[in-house]
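Scroll down for the structure; my scribbles are underneath it.
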Amino acid sequence: MAIPARRRVADIVAFAFASMATAFGLFWLFWILWTTLAQGAAALTPSLFTQMTPPPGSSGGLLNAFYGSGVMILLGLLIGAPVGVAAGTYLAEHGRYTRLAAVVSFINDILLSAPSIVIGLFIYEIIVRTMGHFSGFAGAFALAMILIPIVVRTTEESLRLVPDQMREAGFALGMPRWRVTSQILYRAAKSAILTGILLGVARIAGETAPLLFTALNNQFWSANLNAPMANVPVVIFQYAMSPYDEWHTLAWAGAFVLTAFVLFLNLLVRILARKGSGHE
Amino acid sequence: MNATLAREAVRTGNRKSGAAADRLFHLITAAAACFVLLLLGGAALSMAWGGRLAFETFGARFVTNVDWDVPASQFGALVPIYGTLVTSAIALIIAVPVSIGIALFLTDIAPRWSRGPIAIAIELLAAIPSIIYGMWGLFVFAPFMARHVEPWLSGHLGNAAIIGPLFSGPPIGIGMLTAGIVLGIMVIPFIAAVAREVFNAVPAPLKESAVALGSTRWEILSRVTLPYTRSAIIGAIFLGLGRALGETMAVTFVLGNAHDLSASLLMPSNSIAAAIANEFTEADTDLYRSSLIALAFLLFVVTLIVLTIAKLLLLRINRQLGRTS
């Protein structure tokens, strides 16, 4: 039975559109990555990792920014990951089917997409204002607040995937609930939970808005968490918005390193997830 | 005899310490869960508290006043609110059809082997930090718009009857149109991921029935898949809207930080998040700072409402799929 031409044409048009939409999406990805690669590779020099951020008009590196970012991400991870895993455990295990867990799960999903700049202002209000100055500690805390909802969500999902037989087997052996969770469920869901934490690290590594009003920036080397601290995203922001060519070059170099780091983590997570699930 | 008693004692002792540890573990995890609630509530309350001075001083005029005059201490939020809404609208106009197209391509058209890699590539769009979008937008995309797209737009559409004012003005590259397009690219992966997931979850018998009745694939999409997944697609659009409204860095780079209200999409403007990012560390008076926090409060409340709607719609489709499949 022949399909009328009008319907056939609609079909072809729709499919051409869908293919073009996909090409359109991929086009931007490659354009952005290509720009970052081309501009960033040209700006990569050894001094990037050995020198401090320079004053306007002279060359330098981003060592203090890399260090500051590293420290704040690590500290954010140390604060955020345990809280996130514990809350995710409550949602999937200890508070399963309770009203509190349902509400928290709902709110957590909303926090996942909430504007990070508001989280930055929140930390400004409660930490920076109370202490009276910007600090690396406030920056780390802001990053932790961004990390928590991500870890909560992935931990909850990972624990839900553990079959109930495992829990029943644990209880049948007379194990108390906390040991079932910590010795059986965490072990079974370990790689999935770690994957979620890695994804969270990738996300907070690129966060700029929450650091603007918490860690601020610091032109000089500073390992003091109680003082303003340099970090890669804010340096990129300030340098890219400046009128100086040397600063633009450094901003591209920082952008390249940041993008490479974030994409590496994302791809690593996907490879790990594929290995863990054992199919596809 | 003694041995069994001792064993019994040890066992009950174990059980007791187990029960105490259980309670402790339960308490810790529950406290962590409550922390998530505190985070949201605390952020909302502290924004309301920090913005109270602006709300008290300006009242409802805060959201209707166009003037953002720092020396005169006059702060009206209409321009940033307008800029936020317009750029988000442009973003959705671009992202919604493209995302649905991508989802369709990935569920029905692409060769099976290529679906995974293409889906990952689209997801990577969401992984790129927003500051990278901003830099690329400022140094590459805005000049491109200024050279190739905007002269054409103002030349061909600038004098058109109704939409003319939207496209008039000098082609400077930085402005609401550029910001909206960048935002659109950024929300594509979020909408596409949800759309793809629900397209895949449409029960096969429904599609097969349509095939048996002689439907083309386009008719299956438009008459079976889309109606069936409608609430989830709308949920995905709200999710994208929530992301677009609150996006900060990318918009800050390409919007121009201008507190002028203009009809033209080619003109620089401001958005709530961009105004906060640009001006907060320079805010030297209490009223200035409070006005920016009041802006953040408005943004937070609106995105929370939008995201709540998104979540409710997405929950609905989950229940529907749970029942039927």
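FYI, side chains are in, hydrogens and waters are out, and symmetry mates aren't considered; it's all heavy atoms of this structure.
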Look at A:F237, A:F17, A:F256 and state which one has the largest set of heavy-atom pairs under 4.5 Å with chain B.
-> A:F237
Atom group of A:F106 that falls short of 4.5 Å from chain B, counting heavy atoms | both
Non-hydrogen atoms of chain B under 4.5 Å away: do they reach the side chain of A:L121, the backbone, both or neither?
-> both
Which residue out of B:E219, B:K311, B:R217, B:E123 racks up the most heavy-atom pairs below 4.5 Å with chain A?
-> B:R217
Per-residue contact mode, B:I272 against chain A (heavy atom under 4.5 angstrom) = neither
Sequence-distant partners of A:E157, side chain to side chain contact (heavy atoms under 4.5 Å, CB included), two or more places apart | A:R153
Residue from A:S116, A:S113, A:A114 scoring the most non-hydrogen pairs under 4.5 Å with chain B is A:S113
Please look at B:S46 and chain A and tell me whether the side chain, the backbone, both or neither of the residue comes under 4.5 angstrom of a heavy atom of that chain.
-> both
Looking only at B:L312, B:I28, B:T308, B:L104, the option with the highest number of non-hydrogen pairs under 4.5 Å against chain A is B:T308
B:L39 versus chain A, heavy atoms under 4.5 Å apart: side chain, backbone, both or neither?
-> both
Quick one: do the A:T181 and A:H94 side chains pair a donor with an acceptor below 3.5 Å?
-> yes
Proximity breakdown for A:R270 and chain B, heavy-atom pairs closer than 4.5 Å | side chain
Does any donor atom in the side chain of B:E247 or B:S130 lie under 3.5 Å from an acceptor atom in the other side chain?
-> yes
Examine whether an atom of B:I185 lies under 4.5 Å from a heavy atom of chain A, and if so say whether it belongs to the side chain, the backbone or both; otherwise answer neither.
-> side chain
Which bit of B:I188 is near chain A, if near means a heavy-atom gap under 4.5 Å: side chain, backbone, both or neither?
-> side chain
Toward chain A, the part of B:P189 with a non-hydrogen atom under 4.5 Å = neither
Tell me, side chain or backbone of B:L245 under 4.5 Å from chain A's heavy atoms, or both, or neither?
-> neither
Under the side chain to side chain donor-acceptor pair (under 3.5 Å) rule, collect the residues that match up with B:T303, sequence neighbours excluded.
-> none
